[in-house]
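Reviewing the structure listed below.
Each chain gets a letter, A, B and so on, in the order the sequences are listed, and its residues count up from 1.
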Number of protein chains: 2
Amino acid sequence: MAKRGKVNQRQRILEEAAKLFKEKGFAGTSMRDLGGEVGMEAASMYNHIKSKDEILESICFYVSDTYIAQLAEVKQTEASYTEKVESLLRRHVHLMLEDGAAVSVANNDWKYLTGDKLTAFKEARKSYEQGFATLLEQGIAAGELHPVNVSVALFTILSAVRWVELWYYPGRGISAEELEQNIITILLNGLAK
Amino acid sequence: MAKRGKVNQRQRILEEAAKLFKEKGFAGTSMRDLGGEVGMEAASMYNHIKSKDEILESICFYVSDTYIAQLAEVKQTEASYTEKVESLLRRHVHLMLEDGAAVSVANNDWKYLTGDKLTAFKEARKSYEQGFATLLEQGIAAGELHPVNVSVALFTILSAVRWVELWYYPGRGISAEELEQNIITILLNGLAK
DNA sequence: CCTACCGATCGGTAGG
DNA sequence: CCTACCGATCGGTAGG
């Protein structure tokens with residue numbers, strides 16, 4: 001029998017919640033729905049989590065923390081700016097493939113955060129965007145990248161990856177590596193010959 | 001005094017609903033919230049609409065109908081495939097700028113459609129995607145576009161435009177024309193030099 | 001971890 | 001277009 005510690009059960013609740021929130025939205029998912037997936041009465045889950053809001057917070061900050069850590073990793077690398085952008089892009093695709101439900105929730109349901117948590121999440125996101133934008137600016141200044149509007153480039157890149165989670169599953173007729181390479185080719189080299 | 005016919009009031013309800021659904025999600029918006037924005041009791045709106053679900057349907061199908069009409073327009077044009085793709089892209093950005101809230105709802109809240117309407121919406125979307133994909137395939141076959149995976153290219157393009165509505169407002173330090181041109185440059189010519 | 005239950009809020013209807 | 005109200009469902013608590 002697998003051990004069912006408090007931590008494990010909490011983790012299970014968070015994982016099932018991410019799947020349900022992605023599918024039906026935070027507001028569209030009831031604690032009774034979630035209980036059904038976890039195999040527990042709604043009331044029983046309150047032994048492992050504080051509130052429905054706290055579940056959302058855990059998922060959103062897990063994602064924003066990961067993004068920020070990845071940016072820091074890439075920044076301290078010794079590589080050209082083009083390579084740094086490419087590397088960050090690959091990490092985006094990877095996280096999407098590994099933890100797509102959580103990324104989806106952080107992208108779409110962060111707006112249901114409240115108070116301090118909402119403020120903190122917006123700040124984390126802004127700080128990540130600033131860091132990424134700086135990378136693009138440096139790449140342009142160094143003559144490595146086309147002199148496009150940095151904000152437009154930033155959001156185009158960030159959005160371009162978001163569909164992956166809705167579309168990709170192994171056995172799609174394309175491997176994860178090919179998927180990644182295709183996205184990078186389109187964004188770095190463009191569609192037109 | 002402006003005339004307040006039944007049709008006008010219905011239109012106002014749909015417009016306010018699109019804004020609220022975008023902001024708080026379909027499930028997160030109550031009919032009382034909506035009544036507050038429209039300036040009417042929740043119960044009174046039922047003289048103009050059949051149900052909350054019907055509001056969502058009207059918004060989603062307005063958007064999918066528009067997309068499909070734009071695709072048909074572009075397809076019958078005499079132009080290179082690259083130009084057709086560019087033209088379709090420009091229309092995407094335009095609709096986003098003109099009717100951002102509705103586009104946002106069709107992108108994010110279509111999942112709350114039910115029964116026949118859900119089926120019909122999915123089919124409309126699939127038919128649009130097929131049509132767009134065919135354009136890309138033809139462009140590749142003609143040697144105009146890089147030989148990338150068509151599905152990957154399609155979804156990368158469609159997603160790359162979605163952030164516009166969340167970010168852009170006149171006075172952003174960039175005009176609508178520049179915005180459009182930057183997005184097209186990035187997607188067609190790529191970021192790297 | 002469950003049963004029983006709370007006050008609040010939901011979409012929607014009746015009747016005027 | 002409003003008042004009054006319906007049954008259903010919500011997030012969450014008490015007590016065991």
message: Under 4.0 Å between a side-chain nitrogen and a carboxylate oxygen: does that hold for A/R32 and A/E41?
response: no
query: Among the nucleotides D/dG11, D/dC1, C/dT3, which one has an atom lying closest to any side-chain atom of A/E41?
result: C/dT3
- prompt: Which whole-number value in Å describes the distance from A/K52 NZ to D/dG12 P?
  reply: 8 Å
query: Is it true that A/R91 and A/E73 make a salt bridge, defined as a side-chain N closer than 4.0 Å to a carboxylate O?
result: yes
query: OP1, OP2 of D/dC2 versus side-chain N and O of B/S44: anything below 4.0 Å?
result: yes
- prompt: Between B/K117 and B/E54, is the closest basic N to carboxylate O distance under 4.0 Å?
  reply: no
query: Tell me: CZ of B/R10 to P of D/dC1, nearest whole Å?
result: 14 Å
Pairs under 3.5 angstrom, nitrogen or oxygen only, protein versus nucleotides 14-16 of chain D, please.
none

task: Mind checking which stems touch DNA chain D? I mean at least 3 consecutive Watson-Crick or G-U pairs, both distances under 3.5 Å.
output: C:1-16 with D:1-16
query: If you measure from the Lys or Arg side-chain nitrogens to the Asp or Glu carboxylate oxygens, is any gap between B/E16 and B/K19 under 4.0 Å?
result: yes
Length of the CZ-P vector between A/R32 and C/dT3, whole Å: 13 Å
task: Write down the distance between NE2 (A/H48) and P (D/dG12), rounded to a whole number of angstrom.
output: 16 Å
task: Could you check how far NZ of A/K50 sits from P of D/dG12, rounded to whole Å?
output: 13 Å
- request: Take the angle between the ring planes of B/F121 and B/F61 and call it parallel below 30°, perpendicular above 60°, tilted in between.
  value: perpendicular
message: Angle between ring planes, A/Y67 versus A/Y128, binned at 30° and 60°: parallel, tilted or perpendicular?
response: parallel
query: Counting distance only, does the side-chain N/O of A/K84 pair as donor-acceptor with the main-chain N or O of A/E78 below 3.5 Å?
result: no
task: Measure the distance from CD1 on B/I49 to P on C/dT13 and round it to the nearest whole Å.
output: 10 Å
field: Hphob cluster co-occupancy, B/V161 + B/W167, side-chain heavy atoms under 4.5 angstrom
entry: yes
query: Where the side chain of A/T185 meets the backbone of A/Q181, is there a donor-acceptor pair that is under 3.5 Å apart?
result: yes
query: How close or far is atom P of D/dT13 from atom OH of A/Y46, stated in whole angstroms?
result: 7 Å
query: Over how many whole Å does the gap from A/L20 atom CG to D/dG11 atom P extend?
result: 12 Å
